[in-house]
Amino acid sequence: MSAAARHVIADLTRESALRRALHWRDAAREDFQREKAASTAAPGATSLAQVRRALKTRQAFVHQRRQWARAALARADAVSDKIYAELRFRDRLPDHAPHRPHHLGEIPDWVADSHALTHPDTPAHWRTHLAERHRILARSLADRGHTLAAAPPA
């Protein structure tokens, strides 16, 4: 191989490496400038086949970009659907710790739950009403217990 051929190959290799490192917009700009320089050097040198090839290449690139955009949109929709499902799930969850039932008082919670008596969102008039109900139930249970203790069933 001659020295001139080695220099040409080295120059082409360097240019190829530079073109691979270019951003796609810069590469497109350089291609446009080269096409423009070639068309001004020889007017009418662009054939119909070259135009068709360029058009097909651009159409394929546009089609590929549309596919990428659709895929990105589908991924974004999936993420937003997951976020929406999480928000709906969180709306159904209580915003406080669960109530621990108390079964050792005068009235066990399985008979009449005492959570509403201490809950901060319970209105005062309702709290008074519930306390009265609890007193009546406690008295009734105590009376029933004394009756059963005095005269146990057979």
Side-chain angles (χ1 to χ4, degrees), residues 10-40 46-154:
D11 288 343
L12 289 175
T13 305
R14 271 194 303 276
E15 185 177 347
S16 175
L18 283 173
R19 284 195 53 79
R20 278 194 302 270
L22 281 177
H23 189 267
W24 68 270
R25 285 188 181 133
D26 297 331
R29 187 179 303 122
E30 186 175 325
D31 289 343
F32 176 75
Q33 289 171 350
R34 285 183 180 187
E35 287 175 10
K36 190 174 179 183
S39 66
T40 57
T46 306
S47 69
L48 185 59
Q50 288 175 333
V51 170
R52 285 185 178 153
R53 256 194 316 268
L55 186 60
K56 280 187 180 184
T57 303
R58 288 183 183 156
Q59 286 174 343
F61 182 68
V62 167
H63 179 70
Q64 187 178 27
R65 286 185 63 193
R66 283 183 184 155
Q67 286 178 334
W68 290 339
R70 286 186 184 119
L73 185 61
R75 286 192 305 270
D77 284 344
V79 169
S80 65
D81 289 346
K82 287 179 184 178
I83 290 170
Y84 181 66
E86 176 73 20
L87 290 175
R88 279 194 334 247
F89 178 70
R90 287 183 182 188
D91 282 344
R92 286 191 239 149
L93 292 176
D95 60 348
H96 58 299
H99 169 64
R100 296 184 58 110
H102 181 65
H103 300 304
L104 302 176
E106 289 181 333
I107 303 175
D109 277 356
W110 58 270
V111 174
D113 193 6
S114 63
H115 178 62
L117 284 171
T118 59
H119 196 276
D121 291 336
T122 305
H125 70 281
W126 186 243
R127 200 173 289 150
T128 306
H129 177 74
L130 289 176
E132 183 62 29
R133 280 186 163 194
H134 274 260
R135 279 194 290 280
I136 292 170
L137 282 171
R139 191 174 332 132
S140 176
L141 284 175
D143 290 345
R144 178 68 62 157
H146 292 303
T147 305
L148 287 174

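This structure is a prediction, so every number in the text was calculated from the model and none was measured. Residue numbers run from 1 in the order of the sequence given.
- At distances below 3.5 Å, not a single donor-acceptor pair connects side-chain atoms of Ser140 with backbone N or O atoms of Ile136.
- The distance from atom CG of Leu22 to atom CD of Glu30, rounded to the nearest 0.5 Å, is 6.0 Å.
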Without placing hydrogens or testing angles, list every side-chain donor-acceptor pair under 3.5 Å for residues 70-81, not counting sequence neighbours.
{"residue": "Ser80", "atom": "OG", "partner": "Ala76", "partner atom": "O", "Å": "3.3"}
{"residue": "Ser80", "atom": "OG", "partner": "Asp77", "partner atom": "O", "Å": "2.9"}

Side-chain donor-acceptor distances from residues 141-154 under 3.5 Å, at least two apart:
{"residue": "Thr147", "atom": "OG1", "partner": "Asp143", "partner atom": "O", "Å": "2.9"}

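- Remark: His129 NE2 to His134 NE2 distance equals 10.0 Å, nearest 0.5 Å.
- For Arg88, the CZ atom is densely surrounded, since the number of other residues' heavy atoms within 6.0 Å is greater than 12.
- Taken from CZ in Arg58 to CZ in Arg65, the straight-line distance is 13.0 Å, to the nearest 0.5 Å.
- Interatomic distance, CG of Leu87 versus CZ of Arg92, reported as 11.5 Å (0.5 Å rounding).
- In this structure a side-chain-to-backbone donor-acceptor pair under 3.5 Å is present from Ser47 to Gln50.
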* Applying side-chain hydrogen bond (donor to acceptor under 3.5 Å, both in side chains), run through Arg53 and Thr57 and close with a yes or a no. => CA-CA 6 Å; Arg53 256 194 316 268; Thr57 303; over 6 Å; no

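- Taken to the nearest 0.5 Å, the OG1 atom of Thr13 stands 11.0 Å off from the CG atom of Leu18.
- Here the side chain of Thr122 pairs no donor or acceptor atom with the backbone of Arg127 at under 3.5 angstrom.
- Here the side chains of Glu132 and Thr128 are not in contact, with every heavy-atom distance at 4.5 Å or above.
- Look at Arg19 and Glu15 and you find no salt bridge, because none of the NZ, NE, NH1 or NH2 atoms lies under 4.0 Å from a carboxylate O.
- Under 3.5 Å, the side chains of His63 and Gln59 contain no donor-acceptor pair of N or O atoms.
- Note: Trp68 and Phe61 have perpendicular aromatic rings, judged against thresholds of 30 and 60 degrees for the angle between ring planes.
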* To do: Check step by step if side chain to side chain contact (heavy atoms under 4.5 Å, CB included) holds for Arg90 and Glu86.
  => CA-CA 6 Å; Arg90 287 183 182 188; Glu86 176 73 20; 2.9 Å; yes

